[in-house]
Amino acid sequence: MSSGGMSNAALQLQAVERTFMQGEAELRIFRGADLAVQPGELVALVGPSGAGKSSLLHIAGLMEQPDAGEVVIGGLPCMDLSDADKTRVRRTEIGFVYQAHHLLPEFSATENVALPQRIAGVKRKDAIAVAERLLGRLGLEDRLEHRPAQLSGGEQQRVAIARALANRPRLLLADEPTGNLDPKTSRGVFNEFVQLTRGEGVAALVATHNLDLAREMDRVVLLHEGLLVDGADLAGGQL
């Protein structure tokens with residue numbers, strides 16, 4: 001499946017194939033999967049557990065090599081890039097949010113968000129300013145100097161979202177970003193995630209089991225039998 005205007009897409013997956021060995025049997029996860037995510041578009045990726053959602057995000061994020069096909073980030077074909085160039089693309093073009101927040105426990109919320117900017121060469125003063133702005137937009141202006149252990153689960157995940165957006169990526173990849181949170185907190189964090197991502201103008205591909213949350217995004221795609229298909233007519237509930 002694809003959407004129009006692919007030449008301008010933030011992310012294109014073209015005929016992606018991936019097979020794993022399960023004992024002596026071949027398990028074909030993707031068999032020519034296609035997808036285009038446009039700048040500023042939020043796309044929900046749904047499918048049953050084990051369908052390959054996380055693996056697809058890893059391929060889109062240049063962390064896993066498909067057996068065939070191409071990944072294009074902002075018009076740049078990436079499969080034949082060197083490891084160093086793929087690392088550069090990940091650092092400058094892609095943000096990641098995981099189910100577990102993976103914050104550094106010895107750093108404050110502000111420092112966690114500033115760190116990827118500092119690694120990218122941003123001056124400390126400027127990195128701190130961006131971190132404080134993003135955290136403020138997520139309602140954490142009173143938690144800037146708190147370390148992760150001093151934050152609630154929802155607050156920790158808000159910090160992780162801000163960190164993923166700190167370098168102004170072209171593309172945000174999120175793997176069950178509210179999966180570890182209770183339903184009420186999950187709803188609040190998800191709403192803030194959507195609002196902030198839209199406000200920053202970032203394209204996002206978000207894997208989720210929650211179809212109610214998925215419907216609040218611009219488009220839903222279903223990973224089904226190794227292909228990506230339109231999920232607009234999915235029934236309510238959880239996968």
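Values reported hereafter were calculated over all heavy atoms of this structure, with side chains retained and with hydrogens, waters and symmetry mates removed. Index from 1, following the sequence.
For the ring-ring contact (aromatic ring centres under 6.0 Å, His included) condition, the pairs that include at least one residue of residues 85-122, sequence neighbours left out, are Tyr98-His102. Note on residues 20-58: no pairs pass ring-ring contact (aromatic ring centres under 6.0 Å, His included), not counting sequence neighbours. For the salt bridge (Lys or Arg N to Asp or Glu O under 4.0 Å) condition, no pair includes a residue of residues 100-120, sequence neighbours left out.
Under the salt bridge (charged side-chain N to carboxylate O under 4.0 Å, His left out) criterion, Glu64 pairs with Arg18, sequence neighbours left out. The salt bridge (charged side-chain N to carboxylate O under 4.0 Å, His left out) test applied to Asp126 returns no partner, not counting sequence neighbours. Not counting sequence neighbours, Asp83 has no partner by the side-chain hydrogen bond (donor to acceptor under 3.5 Å, both in side chains) test. Not counting sequence neighbours, the partners of Asp85 by the side-chain hydrogen bond (donor to acceptor under 3.5 Å, both in side chains) test are Ser82. For Glu200, the salt bridge (charged side-chain N to carboxylate O under 4.0 Å, His left out) test picks out Arg133, Arg137, Arg168, with sequence neighbours left out. Judged as a salt bridge (charged side-chain N to carboxylate O under 4.0 Å, His left out), and not counting sequence neighbours, the contacts of Arg187 are Glu216. For Arg158, the side-chain hydrogen bond (donor to acceptor under 3.5 Å, both in side chains) test picks out Glu192, with sequence neighbours left out. Remark: Thr19 pairs with no residue by the side-chain hydrogen bond (donor to acceptor under 3.5 Å, both in side chains) rule, at least two apart or across chains.
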Side-chain donor-acceptor contacts of residues 169-177 below 3.5 Å, not counting sequence neighbours, with atom names and distances?
unit_1, atom_1, unit_2, atom_2, d
Arg170, NE, Glu93, OE1, 2.8
Arg170, NH2, Glu93, OE1, 3.4
Asp175, OD1, Ser54, OG, 3.4
Asp175, OD2, Ser54, OG, 2.6
Glu176, OE1, His209, N, 3.4
Glu176, OE2, His209, N, 3.1
Glu176, OE2, His209, ND1, 2.5

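Proximity of Pro66 to Glu17: side-chain heavy atoms (C-beta onward) are nowhere separated by under 4.5 Å.
Side-chain atoms of Asn167 come within 3.5 Å of backbone N or O of Pro116 as a donor-acceptor pair.
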